[in-house]
Amino acid sequence: MSVRHDLSLARTDKKRNREKEQRPLELRLIKRLFSYTQPYAFKRNVLFFLVLLRGALIPLLALVVSIAINGPITDKDPVGILWYAIGFGAFAIFLQITLVFRQKFALELGESVVQDLRNLLFRQLMRMPMSYFNKTRLGRIISRLTTDIETLRTGIQNVLFVTIVGLMQMIVSGICMAYYNTVLFSVILIMAPLLWVINQYFHKKISATSRELQESFSRVTASLVESVKGIRVTQGFVREDINAGIFRRLVQDHSSYNLKASRNTAIYIPLLELNSQFFIASILLIGGYGTLNPSWEMPVADLISFFFLANLFFNPISQLGLRFTDALSAMAGAERVFRLLDAKPEWMDPSDAQAIDFIKGQIEFRNITFSYNPEKPVLHNINFKAEPGQTIALVGHTGCGKTSIINLISKFYLPTTGEILIDGKEIRNIKSASLRSQIGVVLQNNFIFSGTVLDNIRLGKLDATDEEVIDAVRQLNCLDLIGAMTEGIRTKVSEKGGGLSLGQQQLICFARAFLADPRILILDEATSSIDTITEARLQESMETLLAGRTSIVVAHRLSTIRNADLILVLDHGQIVERGTHTELLNLDGTYSNLYQQFVESDI
């Protein structure tokens, strides 16, 4: 495959994964984000009081200076000047104290909300069905809990409360300026329409860029995750340069959005400041004329006071411009976070679903049709029945539907049509957690969590003692194999079983399933990663593992299906033959041909 073709696929993926846009700074989003502060109402309310107080008091500092100029300084009163200086210093210290607590409470409130949102997102992910994870790229999921959540943290901690302080400062300064001189203040009011035009123009540009920026970062994350997870395939097929080219293209794409956002901000903020300076120059011109014109009766001291207040009025504008871009990023993050929180699972247990404390293990498929994609069914009219304690073997070529049957029994998916009965109860009416707690699954590629071998086996029964774990391994006749590890059963393993062979990982998964003592056991080519010698040892204890349990076995080795009570032969999603090993060989049909292939592969 050429690099050009790979990059074309990356561009196609970019278009396909672009999410539906919403309006930026939508009041509904802001209100919803704000609702997550409700558990911390006291701290939030104190914080609001502090920001309003600080915003109102900052202009009063200028008033203190103004009064000092018009009073003791004009009157040449040194004692009065001293007292005003002391008062100004005390006022300034008080303002700094409010700043300390404002920052402290804002950081704590932001951290609390982010922690709650992360927990909600994770719980939401845990309740989503398997179909969601098949359709959604891992990088996108990761970016929701990392980058998007962090933009919300910035929005809460920095944007909201800094904006309130700035707006309050401008309002109080404006009121004071109007009190000093309505003519000069009217000049400032002329600025409002121009500011509105500038904000509206950059509002659209920056909001679109913010959304594109975060979307591009999701694609970068997804590419990174896939490359790391598939490093064996990448190196095995010498695709390092190809993957690096795809990643480089995605990074360049992300960088272009970063530069675009920076360019917009680089124009937007100076425009705001230029606008402010233009009006200060206008005030200087008109105010200077007013002090020279006796009919205006404008003392120089009042003009100086007006300039102090004007600076306090204009200073927040550039800061609000910066906060504006952060707010748009936070809203883009909020869109994506809430979209995941609002995502409805394709199916959920009905409200009247029943929990089953104990199942016997009877499984019945009645006229089951199933499809991952509505246009391409993978199972057609499947019918079979497994009595408690029976072993059912599923055989057939790759893609014939064996794994789909297992997924349906585990209730990872629901059938498109037909019924699945567990002990005579329709699977839809059984609570998923209670069913899965009585199903043990050993797959071809099981997942090993970081921790110890003991921790991973104990996943099958969290309250099991060390002795119970060791006894489970002993009954599987593998205690010596586990004991041969570096630290025995307490050997530390990294994510995905790093440090263990595939065979050792499978042994851990067998022990995990055995410890759980499930009523239904599913083995999906579970011995394929184990060498023949170890498998022979497991076969000796397999009777112990399967005893009294309904077992569904998918295997490509004869040893695991010869003794099955019923063998189902699948082809293109249909059961084409069924019977025991001997009965199917006598038919001299599909199974007989597969059997011959099995024999040849085992030689």
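Side-chain atoms are counted along with the backbone in the values below, which use heavy atoms only and exclude waters and symmetry mates. Just so we're clear, the structure is a prediction, and the values are computed from it rather than from any experiment.
Nearest approach of Phe105 to Leu50, heavy atoms of both residues: CD1-CD1, 3.9 Å. Annotation for Leu145 and Ile141: closest pair CD1-O, 3.3 Å, computed over non-hydrogen atoms. Considering all non-hydrogen atoms of both residues, Leu379 and Ser404 come closest at CD1-CB, 3.9 Å. Nearest heavy-atom pair across Ala464 and Leu515 is CB-CD2, 3.9 Å. Arg512 and Asn456 get closest at one heavy-atom pair: NE-O, 3.0 Å. Between Ile439 and Pro518, the closest heavy-atom pair is C-CB, 3.7 Å.
At least one side-chain heavy atom of Ile359 sits less than 4.5 Å from a side-chain heavy atom of Ile520. For the pair Lys411 and Leu414, the minimum side-chain heavy-atom distance is below 4.5 Å. Counting only heavy atoms from C-beta outward, the side chains of Leu421 and Ile427 never approach each other to under 4.5 Å. When side chains are defined from C-beta on, Pro345 counts as touching Met128, because their heavy atoms get closer than 4.5 Å. A 4.5 Å side-chain heavy-atom check between Ile382 and Leu408 finds every atom pair outside the cut-off. By the 4.5 Å heavy-atom criterion applied to side chains, Arg102 and Leu47 are counted as neighbours. Residues Met130 and Tyr413 are in side-chain contact: their nearest non-hydrogen atoms beyond the backbone lie under 4.5 Å apart. Proximity of Val165 to Val162: side-chain heavy atoms (C-beta onward) are nowhere separated by under 4.5 Å.
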Take Glu335 and Leu29 through the side-chain contact (heavy atoms from CB on, under 4.5 Å) test and state the conclusion after the steps. CA-CA 7 Å; Glu335 286 177 11; Leu29 283 176; 3.6 Å; yes

Determine, step by step, whether Ser410 and Asn407 satisfy the side chain to side chain donor-acceptor pair (under 3.5 Å) criterion, reporting the C-alpha distance in whole Å, the side-chain angles of both residues, the deciding distance to 0.1 Å, and the verdict. CA-CA 5 Å; Ser410 302; Asn407 285 335; 5.8 Å; no

Audit row: Val554, Ile405, side-chain contact (heavy atoms from CB on, under 4.5 Å) steps and yes/no: CA-CA 10 Å; Val554 177; Ile405 289 176; over 6 Å; no

Yes or no on side-chain contact (heavy atoms from CB on, under 4.5 Å) for Val441 and Asp524, after CA distance, side-chain angles and deciding distance? CA-CA 8 Å; Val441 181; Asp524 187 359; 5.9 Å; no

Carefully, step by step, assess Ile363 and Ile422 under the rule side-chain contact (heavy atoms from CB on, under 4.5 Å). CA-CA 5 Å; Ile363 303 171; Ile422 305 293; 4.0 Å; yes

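The backbone N or O of Leu340 lies less than 3.5 Å from a partner atom in the side chain of Gln124, making a donor-acceptor pair. A donor-acceptor pair under 3.5 Å is formed between the side chain of Thr416 and the backbone N or O of Ser371. Formation of a donor-acceptor pair under 3.5 Å by the Thr37 side chain with backbone atoms of Tyr40 is not found in this model. No donor-acceptor pair closer than 3.5 Å links the side chain of Ser255 to the backbone N or O of Val251. A donor-acceptor pair under 3.5 Å is formed between the side chain of Ser437 and the backbone N or O of Ser434. At distances below 3.5 Å, not a single donor-acceptor pair connects side-chain atoms of Asp253 with backbone N or O atoms of Leu250.
With values rounded to the nearest 0.5 angstrom, Ile409 atom CD1 is found 13.0 Å from Arg436 atom CZ. Taken to the nearest 0.5 Å, the CZ atom of Phe94 stands 5.0 Å off from the CG atom of Leu53. Between Leu160 atom CG and Phe48 atom CZ the span is 5.0 Å, to the nearest 0.5 Å. Of the inter-residue distances, the one linking Gln169 atom CD with Leu312 atom CG reads 5.0 Å to the nearest 0.5 angstrom. Here Gln438 contributes atom CD and Asp357 contributes atom CG; the two are 7.5 Å apart, rounded to the nearest 0.5 Å. Note: Lys104 NZ to Leu99 CG = 13.5 Å, rounded to the nearest 0.5 Å.
We find that Arg118 and Glu150 are joined by a salt bridge, their nearest charged nitrogen and carboxylate oxygen being less than 4.0 Å apart.
Counting non-hydrogen atoms of neighbouring residues, nucleotides and ligands closer than 6.0 angstrom, the CZ atom of Phe122 reaches no more than 12 such neighbours. By the 6.0 Å contact criterion, CZ on Phe34 is enclosed, its count of non-hydrogen atoms from other residues, nucleotides or ligands being greater than 12. A 6.0 Å sphere centred on CD of Glu108 holds more than 12 heavy atoms belonging to other residues, nucleotides or ligands. The 12-atom threshold is not exceeded at NZ of Lys431, counting heavy atoms of other residues, nucleotides or ligands nearer than 6.0 Å.
Between Arg54 and the options Val51, Ile58, Leu52, Leu57, a side chain to side chain contact (heavy atoms under 4.5 Å, CB included) holds for only Ile58.
Taking the six-membered ring where the residue is Trp, Tyr372 and Phe370 present perpendicular rings, their angle passing 60° and hence far from 30°.
Of the N and O atoms on the side chains of Asp148 and Thr151, not one donor lies less than 3.5 Å from an acceptor on the other residue.
Note that Arg32 lies in the cation-pi zone of Phe338, set by a 6.0 Å cut-off to the ring centre and a 45° limit from the axis.
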